[in-house]
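Quick note on labels: first sequence line is chain A, next is B, and so on, each numbered from 1.
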Protein chains: 2
Amino acid sequence: MKIGIIGYGNLGRGIECAIKQNADMELAAVFTRRNPSDVKILTEGVPVYPVDEIEKMEGKLDVVVLCGGSATDLPRQTPVYAKYFNVIDSFDTHARIPEHFEQVDAAAKEGGHVALISCGWDPGMFSLNRLYANAILPEGNDYTFWGKGVSQGHSDAIRRVEGVKDGKQYTIPVEEALKEVRSGSNPQLSTRQKHIRECFVVPEEGADLAKIEETIKNMPNYFADYDTTVHFISEDELKRDHSGIPHGGFVFRTGVTGWDKENKHVIEYSLKLDSNPEFTASVLLAFARAVNRLHQEGQTGCKTVFDIAPAYLSPKSGEELRKHLL
Amino acid sequence: MKIGIIGYGNLGRGIECAIKQNADMELAAVFTRRNPSDVKILTEGVPVYPVDEIEKMEGKLDVVVLCGGSATDLPRQTPVYAKYFNVIDSFDTHARIPEHFEQVDAAAKEGGHVALISCGWDPGMFSLNRLYANAILPEGNDYTFWGKGVSQGHSDAIRRVEGVKDGKQYTIPVEEALKEVRSGSNPQLSTRQKHIRECFVVPEEGADLAKIEETIKNMPNYFADYDTTVHFISEDELKRDHSGIPHGGFVFRTGVTGWDKENKHVIEYSLKLDSNPEFTASVLLAFARAVNRLHQEGQTGCKTVFDIAPAYLSPKSGEELRKHLL
């Protein structure tokens, strides 16, 4: 499978790394909005092109992985490129998924291609676990926790506060809440009871630390509804201790079975990830394999992780899978 | 969907209970090898027939759930009934799955039906998690732990020991081993390091307790390779404290990503089940919905959980799923 990457940030680099781990794939080209000569990729001998020239590669790539952001890049890019290529994206604005689906579906059908949107771990693997667990236990409750991990949106919010030079925010599930859910007691949990927010802030020289802390803790939507802690650290400490991009989380469904609903069950799925973008990239590539296969079977249009039979994700044959993994 | 049940033991009764929780399904008939008048089911107004007469129901059932055992019932039954009906079974003899698949596939194709074998939680949901996690993290290690739960095979083995009137065996994962796997350290674990076996034994009057304990602890394959504890209890205590059929377990994959494999990831899926047969039944019914849909699409032959796109398991439309669960 010849893979193309559009956008060479953390996710694009993650795709490049993951291709090395999949013997049936090769990186064929990287496309960038920057000046290609300014983009140094890790794989030797692979060309970097301006993204405007991507249409010239029509017919030469099996799947193109779109590595832009969900706010402005993907809503515009995925429908455009689905006309020319099989594509996959990690569009994660949950509320706008139906709209994105319609646009990509129309474009992919017009071009005779397969597109898969909203792939990764949430949306993605977490969604799959919600679906399986809901189908198995129709009477029950869903719980999703995120973290411990870096929230890009909350880190950006900190950095916009006056007097803040740099900062990073970790979302952390409350251990007590996890325990209560795991017990099968079906607790009602408030926003505050589910997650803690921990901030590491590098202040500008002479900044009013008390004011920074107060501003962060009272920021509506981002922090006001949470127990938030603020630590002031040096630029060196931030670089040394907080330059990773870990993440993860938990998806639970607890439910009942039996003639009188007398038996309880707990289904739990969790991820602990050293690198959010690299794990997301690994999920995208497994589904890229499925996209290629569906296209070879003559399918077209937009899909999500819900539409993909799991066997399509694996390089192994059905026979091998039944023998070794079933 | 009209559902038929063959075999009315714990699993058959679990199917009956789960049908009540799925508004798009109804129990149409139960088939038994016993005298039908001796079989009292929970649902009012549903007929119980001798299993020999099941062929008369051809065309009247959407999916038949086979609730027999894997040792002798299913290898014989599933290929026979796949000729007349869409069927689903929970065949769990891992080593014989390829052979069972071939036989059921031929029969289902001959009859123009869809059959799904080896469904439940292991094989079943655990297999799915192994497959997804292996496709995502090609370089890594798999770990499966079972329990805490009742092992039927080990309980049977205890009951065959001289001087034992009744008994129950719990398989328990070793907490330390779970912790080590969760840390991402990729430990090599021996059989003994992974699971403990705990036995509750009701001795016959005047039996040699020391000899029973020694016989159990040294039983090859079943107990000799494990740290096994034996508790002697009364018949009343066994009935009071150990009449449930709980089970569960953990599936892990730990792996690495990154250009130099510098980042670690842990994927964990776990189940904590008050009733093993009722949960298995709930999984079977969700997949029965998929079997019915595939048949309506004109597909035939044998499938496994690997071949089923998750959306087929849910009564919700693709649009609803994308809006609410993705």
Quiz item: Where does Tyr312(A) contact chain B at under 4.5 Å (heavy atoms): side chain, backbone, both or neither?
Solution: neither
Quiz item: So with a 6.0 Å cut-off around CD of Glu26(B), is the heavy-atom count from everything else above 12?
Solution: yes
Quiz item: Do any N or O atoms from the side chain of Lys264(B) and from the backbone of Leu273(A) form a donor-acceptor pair under 3.5 angstrom?
Solution: no
Quiz item: If you tally heavy-atom pairs under 4.5 Å against chain A, which of Ala95(B), Pro315(B), Ala311(B) wins?
Solution: Ala311(B)
Quiz prompt | Top contributor to chain A interface from Ala23(B), Pro138(B), Gly244(B), Pro98(B) [non-hydrogen pairs under 4.5 Å] | solution = Pro138(B)
Quiz item: Given the options Ala281(A), Gly14(A), Pro123(A), which has more heavy-atom pairs under 4.5 Å with chain B than any of the others?
Solution: Pro123(A)
Practice problem: Could you tell me whether a side-chain N or O of Gln21(A) sits under 3.5 Å from a main-chain N or O of Val256(B), the two making a donor and an acceptor? | Solution: yes
Quiz item: Any sub-3.5 Å donor-acceptor pair from Arg130(A)'s side-chain atoms to Leu325(B)'s backbone N or O?
Solution: yes
Exercise. For chain B, find which of Ala18(A), Pro310(A), Ala135(A) contributes the most heavy-atom pairs closer than 4.5 angstrom.
Key: Pro310(A)
Exercise. Flag the one option from Gly248(A), Ser314(A), Ser275(A), Ser118(A) with the top tally of heavy-atom pairs under 4.5 Å to chain B.
Key: Ser275(A)
Self-check item: Per-residue contact mode, Glu319(B) against chain A (heavy atom under 4.5 angstrom)
Solution: neither
Self-check item: Atom group of Phe279(B) that falls short of 4.5 Å from chain A, counting heavy atoms
Solution: both
Self-check item: Geometric class of the Tyr132(B)/Tyr132(A) ring pair [parallel <30°, tilted 30-60°, perpendicular >60°]
Solution: perpendicular
Practice problem: Measure Asp92(B) against the heavy atoms of chain A and call it side chain, backbone, both or neither at under 4.5 Å. | Solution: neither
Exercise. Tell me, for Val251(B) versus chain A, whether the close heavy atoms (under 4.5 Å) come from the side chain, the backbone, both or neither.
Key: neither
Exercise. Check whether Thr254(B) gets within reach of chain A through its side chain, its backbone, both or neither, counting any heavy atom under 4.5 Å.
Key: neither
Quiz prompt | chain A interface, residue from Phe126(B), Phe101(B), Phe287(B) that has the most non-hydrogen pairs under 4.5 Å | solution = Phe101(B)
Quiz item: Does any heavy atom of chain A fall under 4.5 Å from the side chain of Thr144(B), the backbone, both, or neither of them?
Solution: neither
Quiz prompt | Straight-line distance of Ser127(A) OG to Arg322(B) CZ, nearest 0.5 Å | solution = 12.5 Å
Quiz item: Measuring heavy-atom distances to chain B, does Thr280(A) have an atom under 4.5 Å in its side chain, in its backbone, in both, or in neither?
Solution: neither
Quiz prompt | Residue among Phe306(B), Tyr269(B), Trp121(B) with most heavy-atom pairs under 4.5 Å to chain A | solution = Phe306(B)
Exercise. Enter the distance from Lys20(A):NZ to Thr257(B):OG1 here, rounded to the nearest 0.5 Å.
Key: 11.0 Å
Quiz item: Can you tell which of Ile136(B), Ile267(B), Val266(B) makes a side chain to side chain contact (heavy atoms under 4.5 Å, CB included) with Leu271(A)?
Solution: Ile267(B)
Quiz prompt | Which portion of Asp307(B) sits near chain A, non-hydrogen atoms under 4.5 angstrom | solution = both
Practice problem: Heavy-atom pairs under 4.5 Å with chain A are the metric here; pick the option from Glu268(B), Glu16(B), His324(B) that has the most. | Solution: Glu268(B)
Self-check item: Validation row: Ile97(A), Lys323(B) side chains within 4.5 angstrom (heavy atoms)
Solution: no
Self-check item: Contacting region of Ile308(A) [heavy-atom separation from chain B under 4.5 Å]
Solution: backbone
Quiz prompt | Which of His94(A), Glu278(A), Arg182(A), Lys316(A) touches chain B most, by non-hydrogen pairs under 4.5 Å | solution = Glu278(A)
Quiz item: For Asp260(B), is it the side chain, the backbone, both, or neither that has a heavy atom closer than 4.5 Å to a heavy atom of chain A?
Solution: neither
Exercise. Among Leu131(B), Asp122(B), Val305(B), find the one that has a side chain to side chain contact (heavy atoms under 4.5 Å, CB included) with Leu326(A).
Key: Val305(B)
Practice problem: Using a 4.5 Å cut-off on heavy atoms from C-beta on, say whether the side chain of Trp259(A) contacts that of Arg13(B). | Solution: no
Quiz item: Where does Leu137(B) contact chain A at under 4.5 Å (heavy atoms): side chain, backbone, both or neither?
Solution: side chain
Quiz prompt | Options Val283(B), Leu42(B), Leu313(B), Thr304(B), ranked by heavy-atom pairs under 4.5 Å with chain A, top entry | solution = Leu42(B)
